[in-house]
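To start, the structure itself, in structure tokens.
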Number of protein chains: 2
Amino acid sequence: MTLAQPEARPYHHGDLSRALVEAARRILETDGPAALSLRAVAREAGVSPAAPYHHFKDKGQLLDAVAHEGWVELDAALMRSRQDSDDDRRRMTSLGVAYVTFARDNPALYRVMYDCSRDKDALPDQMKEEGAYCQVRNTIAHAAGEGVSEIDLELATIAAWCAGHGLAEMSGFKQFESLKTLLGGEEAFLKAVFDHLGMFAKFDRG
Amino acid sequence: MTLAQPEARPYHHGDLSRALVEAARRILETDGPAALSLRAVAREAGVSPAAPYHHFKDKGQLLDAVAHEGWVELDAALMRSRQDSDDDRRRMTSLGVAYVTFARDNPALYRVMYDCSRDKDALPDQMKEEGAYCQVRNTIAHAAGEGVSEIDLELATIAAWCAGHGLAEMSGFKQFESLKTLLGGEEAFLKAVFDHLGMFAKFDRG
DNA sequence: CGATCCATCTGAACGACGCTTAGATAACAT
DNA sequence: ATGTTATCTAAGCGTCGTTCAGATGGATCG
């Protein structure tokens, strides 16, 4: 039964692959990305420094597994936020806010996610089919209505995605702090920035 | 024994601080960010592994110096691009294209620049006064005209900046390649994405 | 039940890294 | 010439990613 899975069952330790990913995430949360060494992960999981190499080809592959979990959780967070509103524009904004909020709440994880993507010069494949990228695209498509070309849709999605990523990486910068408090907090700030992006200018019906 | 090192030199080596920064940039360009170790920089500069510590507190401070050069050159690139057009909207787009092009032409340098910023949770201070950020802001201000609040200006600048950074980091992703060739090349792609951002929606007069 | 297989894990080691310390060297000021 | 001080080297510490030979012990089959 379980033999069909590429990641099969436990032997000596239990499910060490799983334990390693969890240990990695624990280290990420508590000590940050700089402390995330393979040896530290092995230590945290209670195994020798060489043990991980029976489950992951190298450190990068372990990080890939961590990043994958991150993308799945980001997908879920976006999915949740889409139910917040029935107005197209609001839904789009809340999608953006949810994206950035996820990145800000899990900064180390988000960094691993994007570092992995940058190493491969590609976003995870799943995103194009059912993942976060697709959610953004669908939301834009719904807002844009019928008469919009595939190319326009793709470009708008990319534009929105880039803006989200940029804001995710920069919204913590000290230079913006005074503006944040002036606007009444982090979320108000994010909404205001997204509002000034005018991602909807192209399609807006109103 | 002062061998024919270039430029004016204070003490033993010549200007080792300068030589180290140049060596670092050489390594960055040829072997990428992963190969950029302090020891490698010292090797490249023809000096012992401990020598850099008389000029930089630690590796991070050397990278800061490299990053600073990067920001100065980015400022210059944006400055050049502003003279390309006299139409506000075109100028804004060409600013964005110049930004992303710089990042794409110097990927390793750009990465160092942003890694340094992220470590301090802040953009370089000079940017707010006369640097690239200020150029974007001024361009937007000119386009927006008189009746625009400081806050709106700031928000629009942040939005544009985030979009530029996001696109700089993601425009190389494989998922966008087909779209790029379909649109007729990298620059056309960048312009199209910026166009779909509609950063001007808020202020556009026409 | 016993022998064997083989995935899993360990211990030790290698080279490279960031960084520190103690001491050598050489430019400058006196 | 002498002393001062900035600059550089040599050696070493602890950590890292990774490899490899060998120990361990569950699974399989006689």
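Below, chain A is the first sequence line, B the second, and so on; all start at residue 1.
We find that OH of B:Y53 is positioned 9 Å from C1' of C:dT20, with the value rounded to whole Å. Taking atom CG on A:D15 and atom P on C:dA7, their separation rounds to 17 Å, with Å as the unit. For B:L36 and C:dC17, the CG to P distance is 11 Å, given to the nearest whole Å. Look at CG on A:L63: it is 14 Å from C1' on D:dC16, rounded to the nearest Å. Regarding A:K57, its NZ atom lies at a distance of 11 Å from the C1' atom of D:dT18, rounded to whole Å. Rounding to whole angstrom units, CD of residue B:Q61 and C1' of C:dC19 are separated by 14 Å. Between A:L38 atom CG and D:dT15 atom C1' the separation is 13 Å, expressed in whole Å. One atom, CG of A:L62, and another, P of D:dT18, lie 10 Å apart when rounded to the nearest Å.
Partners of B:E130 according to the side-chain hydrogen bond (donor to acceptor under 3.5 Å, both in side chains) rule, which considers only residues two or more places apart in sequence or in another chain, do not exist here. Listed by chain and residue number, B:R18, B:R25 satisfy the side-chain hydrogen bond (donor to acceptor under 3.5 Å, both in side chains) test with B:E69 (two or more places apart in sequence, or in another chain). Legend: residues meeting salt bridge (Lys or Arg N to Asp or Glu O under 4.0 Å) with B:R104, ordered by chain and number and at least two apart, are B:E186.
Here the side chains of B:Y99 and B:V136 are not in contact, with every heavy-atom distance at 4.5 Å or above.
Each side-chain hydrogen bond (donor to acceptor under 3.5 Å, both in side chains) pair with one or both residues in residues 44-54 of chain B, not counting sequence neighbours, appears once here: B:R26-B:E44.
Ring planes of B:Y114 and A:F173: parallel class, angle under 30° (limits at 30 and 60°).
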What are the atom names and distances for every N/O pair under 3.5 Å that joins the protein to nucleotides 13-16 of chain C?
none

Between protein and nucleic acid, restricted to nucleotides 21-23 of chain C and to nitrogen or oxygen atoms under 3.5 Å apart, what atom pairs and distances do you find?
none

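For B:H55, a side-chain nitrogen or oxygen approaches OP1 or OP2 of D:dC8 to under 4.0 Å.
Taking a cutoff of 4.0 Å between a charged side-chain nitrogen and a carboxylate oxygen, B:R137 and B:E154 qualify as a salt bridge.
If you check the side chains of B:E29 and B:N106, you find no donor sitting under 3.5 Å from an acceptor.
Distance check: B:L109 CG to B:W71 CH2 gives 9.5 Å after rounding to the nearest 0.5 Å.
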